[in-house]
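Everything numeric here is computed off the predicted structure, so don't read it as measured data.
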Amino acid sequence: RDGGGASGAAGAGAGPRGYETEQVYVHSKLMIVDGKAALLGSANINDRSLLGNRDSELNVLVEDKDDNEPTGARTPGFSATLLAQVLEEHLG
């Protein structure tokens with residue numbers, strides 16, 4: 001059953017086929033550094049997120065290689081492309 005609301009999380013109670021469900025509240029973070037590295041995930045920088053015995057959190061670090069084309073031109077990597085997409089989405 002869908003609990004609706006701003007979080008869009010499923011409500012607690014009987015789920016599909018009578019299974020018990022719990023509310024799941026996922027929020028993500030994104031950090032892009034100089035268009036060369038991107039950190040994506042849900043973990044906070046605190047014991048609750050990082051010790052691994054309370055919340056299930058995950059972050060992924062993507063570091064772009066500093067490869068240049070033979071012409072000297074730099075091909076945008078994942079992080080630079082993601083930065084351009086995020087800026088376009090939020091600033092138009």
Residues 29-39 side chain polar contacts: donor-acceptor under 3.5 Å, at least two apart:
| residue | atom | partner | partner atom | Å |
| --- | --- | --- | --- | --- |
| K29 | NZ | H27 | NE2 | 2.9 |
| K29 | NZ | S42 | O | 3.1 |
| K29 | NZ | N44 | OD1 | 2.9 |

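Here the closest heavy-atom approach between residue N59 and residue G41 is recorded as OD1-CA, 3.1 Å.
A distance of 9.0 Å separates CG in L40 from CG in L61, rounded to the nearest 0.5 Å.
Taken together through direct or relayed side-chain contacts under 4.5 Å among Ile, Leu, Val, Met, Phe, Trp and Tyr, V60 and V86 form part of one hydrophobic cluster.
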